[in-house]
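None of these values were measured; they are calculated from a predicted model. Letters A, B, ... are given to chains in the order of the sequence lines, protein chains preceding strands, and every chain is numbered from 1.
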Amino acid sequence: MFREFKKEVEKVLTKALKKASYAAAGEELELEESEHADISSRVAFSLARTHKQPPSVVAEEIVRHLELTETSADSKLILKAVAVGPYINFYANDFFLQKTLQRIKDEEGAKPAAAEKRRGKIIIEHTSANADGPLHIGHLRNAIIGDVLVRVLKRAGFAVETQYYVNDMGRQIGVAVWGAERLEVAADKKPDHAVADVYIAANKLLEAEKEAAAETVEAETVEAETEAEKSVGELMRKYEVGDEEVVRRYKAVVEKCLSGVRASLERLNIRHDLFVWESEFVRSGAVAEVLEELKRKGEVRFEGSAVLLKLEGIGKELVVQRSDGTSLYTARDLAYHRWKSERGDRVDRIIDVFGKDHELVSQQLAKALEILGVRVLPEFVLFEFVSLPSGSLSTRAGRYISVDELIEKIEERAYEEVSKRRRDLSEGKRREIARRVGVGALRYDIVKVSPEKHIVFDLENALDIEKKGAPFVQYSHARACSILRAATAAATARGSEASRLWLHEESEKELVKKLAKFESVVEAAASELRPHLVAKYARELAESFNLFYKDCPVLTAEKVEVREARLVLVECAKIVLSRVLEVLGVEAPEEM
RNA sequence: GGGCUCGUGGCUUAGCUUGGAUAAAGCACCGGCCUUCUAAGCCGGGGAUCGCGGGUUCGAAUCCCGCCGAGUCCGCCA
């Protein structure tokens, strides 16, 4: 509802500017949300300059020309406007509050599915970790930013398909497959962790062999490949051309790892619609086609058999084919993106969630796609790295904290917290709440930080279930549920039609106004692709609810009208709290 | 060396795209509030040269330039 209010303010203010003959100063109304008003305009500042009057005089003058009668079609939602120094402050009226609650209740019954496709289809790729081990906290950031974005975009009215790009052709996978032949893959471990063990051990073997070779051979020939490295290379070549036996072995390792990754994602409430293997594009001939087309349409240069592509505005050329003729990640990614843009009936946008280390790569990708004349160019959401206090992460070196380990620990900590507070609940119930609170806290903790910020992950900090994070919001939701339960039990009459609203307390009004902002927050997060905005709003909403909760008794309110009105408010608060949690991918427990 | 990003109370962050009302929160610290719908809550307090230096402006955390510090990328890895 906030957007409607804002539109009205724009309309009324524009009219007043015209009437006061300030209209010449451009269209900019300089509206902002403010702690001093529901919406505030700074337009008097800029007008003051062009009209050579003090800003406060201009503000007064504008306010004098505002038409805010109750009967005016333009100002149904505005209570008043006041000039405070240079600022013009607008306030919403009771009708706005009433409408807000009405809208929330109406939408709750309606099916969102019908509305979903109205803004077009988006394919979003996120997580896409290499199949050489479990997800760690670096991937976690990608996954959570991606997943919240998916939820934000769906809520904002897009049809969204989520893809996981399976990098099955890299050297890492070759090493893992090579290792799986010589070393035992533990059967009793979570599959992705078992693969990581083998991958790490295989790397050590390769390393050891290289060192051994370096000792026996003179310094000059250290470059030479060891036997082990040769067999890894052999594996990769055979996989590329589709050697059946090698493909079978690759598949076994990658699928194994992926099943573990999928399980971890599931625990985090993250699901992908489609897993796309990059090798598909090599075998289908799509990569070869892309290369041919680049040679025709682009400016390429050969260095031996290697193919280098010149890209506009980027100093370095992009290598799109190795000198040994095998394909390169970049070429496969081009094929993948072209396939996405041509997929299905109509794809309108393609979004990739990448780490900051892919920034240059993503620019190159976009340029090359442009050369190919691909219809839908990708948009990139880049996020900065996560590191540990001890340094950067590395799967190969075994230097990481796995997502599984993290979830275990945080759920355990959450269980302690629940147990402290709710001895009345059964063990099973406490476990269930701990699971929801733990995962929620983890997701919130990651998503609340804006993507361009570098994170040094502190385990102790993450485990210290932050009081104003997800649990805080969940707690508010549980409180609302608790009131509604009690109301039902006592058969308290629910506010019938919110015809006349009996909400007069400041904290009641503030809560409604906060509720009204849900859509505009989602919209902002969607258009800017900045999911952390939702996290901030969720916390503020919970804060507003808690203030109301403390100020205004619901069930014991003396007047029937007040009781009913507050019950409606609690119901709406519960609805929006659960919506915002849903968008954050955090579960909304009815009690905790 | 060059590109991009970040640098806000002891710690973690919001605000920066669109310059304006006392720089906003959480954690930690100090002090209050459970005979009323869950105290994972509420109220109050101390604590900030917004990395440093310059510039633009009536006005700069926000825009521009330089410097310092951290991260990351820079042709055959993904």
Side-chain angles (χ1 to χ4, degrees), chain A residues 28 30-32 34-37 40 42 44-46 48-49 55 84-87 89 128 130 132 167 169-173 278 301 303-309 314-324 326 328-330 332-333 355-361 363-364 382-385 387 392 414 417-418 420-422 437 441 445 448-456 458 461 464-469 471-476 478-487 490 492 528 532-533 535-536 539-540 542-543 545-547 549-557 566 570 591-592:
Chain A
E28 197 47 65
E30 303 205 41
L31 295 179
E32 63 177 356
S34 160
E35 52 189 307
H36 308 280
S40 167
R42 302 184 305 246
F45 277 112
S46 43
R49 185 196 301 263
V84 180
Y87 301 93
N89 290 340
S128 303
N130 289 329
D132 56 12
N167 305 124
M169 298 202 69
R171 198 185 125 81
Q172 305 95 315
I173 312 303
E278 65 171 334
R301 192 165 65 78
E303 248 179 48
S305 314
V307 181
L308 289 78
L309 176 68
I314 297 174
K316 303 263 182 175
E317 295 157 302
L318 178 66
V319 181
V320 290
Q321 185 169 357
R322 285 200 188 92
S323 37
D324 70 357
T326 57
L328 227 37
Y329 162 82
T330 41
R332 299 191 291 262
D333 218 9
K356 193 72 190 331
D357 57 336
H358 279 54
E359 188 172 44
L360 180 58
V361 167
Q363 286 165 2
Q364 293 169 328
L382 299 175
F383 64 93
E384 270 291 354
F385 265 46
S387 58
S392 61
E417 294 294 324
V418 179
K420 241 188 267 171
R421 294 160 228 267
R422 300 299 302 268
V437 169
D445 211 42
K448 72 172 186 198
V449 181
S450 53
E452 67 271 13
K453 219 97 167 184
H454 173 216
I455 294 180
V456 178
D458 181 353
N461 229 336
D464 176 22
I465 303 211
E466 218 190 301
K467 301 217 173 75
K468 292 250 169 157
F472 179 75
V473 185
Q474 291 172 311
Y475 184 64
S476 302
R479 276 179 149 180
C481 290
S482 170
I483 293 176
L484 295 173
R485 267 197 307 274
T492 309
E528 296 170 38
H532 75 285
L533 298 176
K536 183 171 179 254
R539 202 204 68 232
E540 289 171 359
E543 236 158 34
F545 181 79
N546 282 333
L547 285 181
Y549 181 92
K550 182 217 151 220
D551 266 13
C552 305
V554 177
L555 302 173
T556 55
R566 286 182 182 169
V570 171
E591 65 176 328
M592 60 186 275

#### Entry: Those residues that, when tested against A:H532, pass ring pair (Phe, Tyr, Trp, His ring centres under 6.0 Å) (two or more places apart)
none
### Message
For a quick check of understanding: with a heavy-atom distance under 4.0 Å over all strands, which category does A:Q474 fall into, base, sugar-phosphate or nothing?
### Response
nothing
### Query
When you measure from the side chain of A:E384, which nucleotide among B:G71, B:G75, B:A25 comes out closest?
B:G71
#### Entry: Side chain A:K550 and base B:C43 donor-acceptor under 3.5 Å
no
### Task
Step by step, work out the salt bridge (Lys or Arg N to Asp or Glu O under 4.0 Å) result for A:E384 and A:K453.
CA-CA 6 Å; A:E384 270 291 354; A:K453 219 97 167 184; over 6 Å; no
### Task
Considering just the side-chain nitrogens and oxygens of A:R421, establish if one lies under 4.0 Å of OP1 or OP2 belonging to B:C34.
no
### Task
Scan A:V570 against the nucleic acid and name what it touches under 4.0 Å (heavy atoms): base, sugar-phosphate only, or nothing.
nothing
### Message
Heavy atoms only, 4.0 Å cut-off, all strands: where does A:G85 land among base, sugar-phosphate and nothing?
### Response
nothing
### Query
Does the side chain of A:I455 come within less than 4.5 Å of A:F385's, by heavy atoms?
no
### Task
Looking at every strand, decide which applies to A:V418 at a 4.0 Å heavy-atom threshold: base, sugar-phosphate, or nothing.
base
### Task
At under 4.0 Å between heavy atoms, which parts of nucleotides 10-21 of chain B does protein reach? Answer with one letter per nucleotide, 5' to 3': B base, S sugar-phosphate only, - none.
----SS----BB
#### Entry: 5′-ward residue of the pair A:D357/A:R422 relative to RNA chain B
A:R422
#### Entry: Watson-Crick and G-U pairing of RNA chain B, under 3.5 Å, as dot-bracket with | and [ ]
(((((((..((((......[...)))).(((((.......))))).....(((((..]....))))))))))))....
## Note on the structure
Considering only heavy side-chain atoms of A:Q172, the closest of B:C74, B:A40, B:C77 is B:C77
### Task
With heavy atoms under 4.0 Å as the rule, sort A:R566 into base, sugar-phosphate or nothing.
nothing
